[in-house]
Amino acid sequence: PGAQAQPPGPGAFDLGAQSGRWAAFQERHRLSCEEAARLLLDAYEYRGLIKHTGGCHCGAVRFEVWASADLHVFNCNCSICTKKQNRHFIVPASRFKLLKGADNLTTYTFNTHCAQHTFCKTCGVQSFYTPRSNPDGYGIAPHCLDDGTVQTVVTEDINGKEWEKVVKEHKTIRDMSKP
């Protein structure tokens, strides 16, 4: 009685009536305060998007990506995409996180050397890469996503044999890696 409540210290915040709910949430999901805050921020920042996880065949490379459950996938007919049947959707770098396997990735480039074709050194699978059209983002192979998060896939054919013309004329492809 009569004691003044102290303001929270640096980095702390007063949750008021929600503090019990916050503590129960952390305990129920076995999360640290930082992990729970990250989950909350991800849910807010990526509203309308869901977290997909995926990786290569052998499991050495794992990643997570925030994208729609309804994917817009490009089917390109350029020389490399044709050879490896590279179908992909594009996301900003801020929505992609490599969880493990950085040391197990190797990169192939050709022509302009702008696209970074990364693949697992062990099993050879390319689960993601840095596309020439969006060097500030990632092209994700939808077939490398774990089951259960993709609702629909719409595929758009891209004439990569005439890459410069297509990228210049395409209404959205250059902006797909913008947050």
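Residue numbers run from 1 in the order of the sequence given. Remember, predicted model here, so these are calculated numbers, not experimental data.
Without hydrogens or angle criteria, E169 side chain to V166 main chain gives no donor-acceptor distance under 3.5 Å. In this structure, the side chain of K100 engages the main chain of G59 through a donor-acceptor pair within 3.5 Å. No donor-acceptor distance shorter than 3.5 angstrom exists from the side chain of S19 to the backbone of D14, with no hydrogens or angles considered. Looking only at distances, a side-chain donor or acceptor of N134 sits under 3.5 Å from a matching main-chain atom of I173. No donor-acceptor pair closer than 3.5 Å links the side chain of Q151 to the backbone N or O of G148. When atom types are taken as modelled, the side chain of N77 and the backbone of G160 share a donor-acceptor pair closer than 3.5 angstrom.
Aromatic pair F89/H72: ring centres not closer than 6.0 Å.
Here the shortest heavy-atom pairing between P135 and T130 reads O-CG2, 3.4 Å. When all heavy atoms are compared, the tightest approach of Y129 to Q116 is CB-O, 3.3 Å. The minimum heavy-atom distance between Q126 and A141, with the atom names listed, is O-CB, 3.9 Å. Here the closest heavy-atom approach between residue S68 and residue L49 is recorded as N-CD2, 3.6 Å. Closest of all the heavy-atom pairs between A69 and I50 is CB-CD1, 3.8 Å. Across all non-hydrogen atoms, the minimal contact from W22 to C33 is NE1-SG, 3.9 Å.
Residues I140 and S127 are not in side-chain contact: their nearest non-hydrogen atoms beyond the backbone lie 4.5 Å or more apart. Counting heavy atoms from C-beta outward, V150 and L145 have side chains that approach closer than 4.5 Å. Residues H117 and T109 form no side-chain contact, since every pair of their non-hydrogen atoms from C-beta on lies 4.5 Å or further apart. With a 4.5 Å cut-off on side-chain heavy atoms, V73 and V154 do not count as touching. A 4.5 Å side-chain heavy-atom check between V91 and W66 finds every atom pair outside the cut-off.
Going from atom NE2 of H52 over to atom CG of L71 covers 5.0 Å, rounded to the nearest 0.5 Å. One distance of note links CZ of R132 with CD1 of I80; it measures 12.5 Å at 0.5 Å rounding. Atom CD of Q85 sits about 8.5 Å away from atom CG of N75, to the nearest 0.5 Å. To the nearest 0.5 Å, the span separating SG on C76 from CD on E156 amounts to 11.0 Å. With values rounded to the nearest 0.5 angstrom, Y138 atom OH is found 8.0 Å from T118 atom OG1. Between the CG atom of N86 and the SG atom of C78 there is a distance of 7.5 Å, given to the nearest 0.5 Å.
Other residues, nucleotides and ligands place more than 12 heavy atoms under 6.0 Å from the NE2 atom of H143. Annotation: K121, atom NZ; neighbour count of heavy atoms from other residues, nucleotides and ligands within 6.0 Å is above 12. The environment of R30 atom CZ is sparse: at most 12 non-hydrogen atoms of other residues, nucleotides or ligands sit within 6.0 angstrom.
Cation-pi geometry between K84 and F119 is not satisfied (NZ or CZ under 6.0 Å from the ring centre, within 45° of the ring normal).
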Assess the residue pair T155 and F74 against the criterion (side-chain contact (heavy atoms from CB on, under 4.5 Å)); give the C-alpha distance rounded to whole Å, side-chain angles, the decisive distance to 0.1 Å, and a yes or no. CA-CA 6 Å; T155 304; F74 293 105; over 6 Å; no
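A salt bridge links D146 to R62: one of the charged nitrogens lies within less than 4.0 Å of a carboxylate oxygen.
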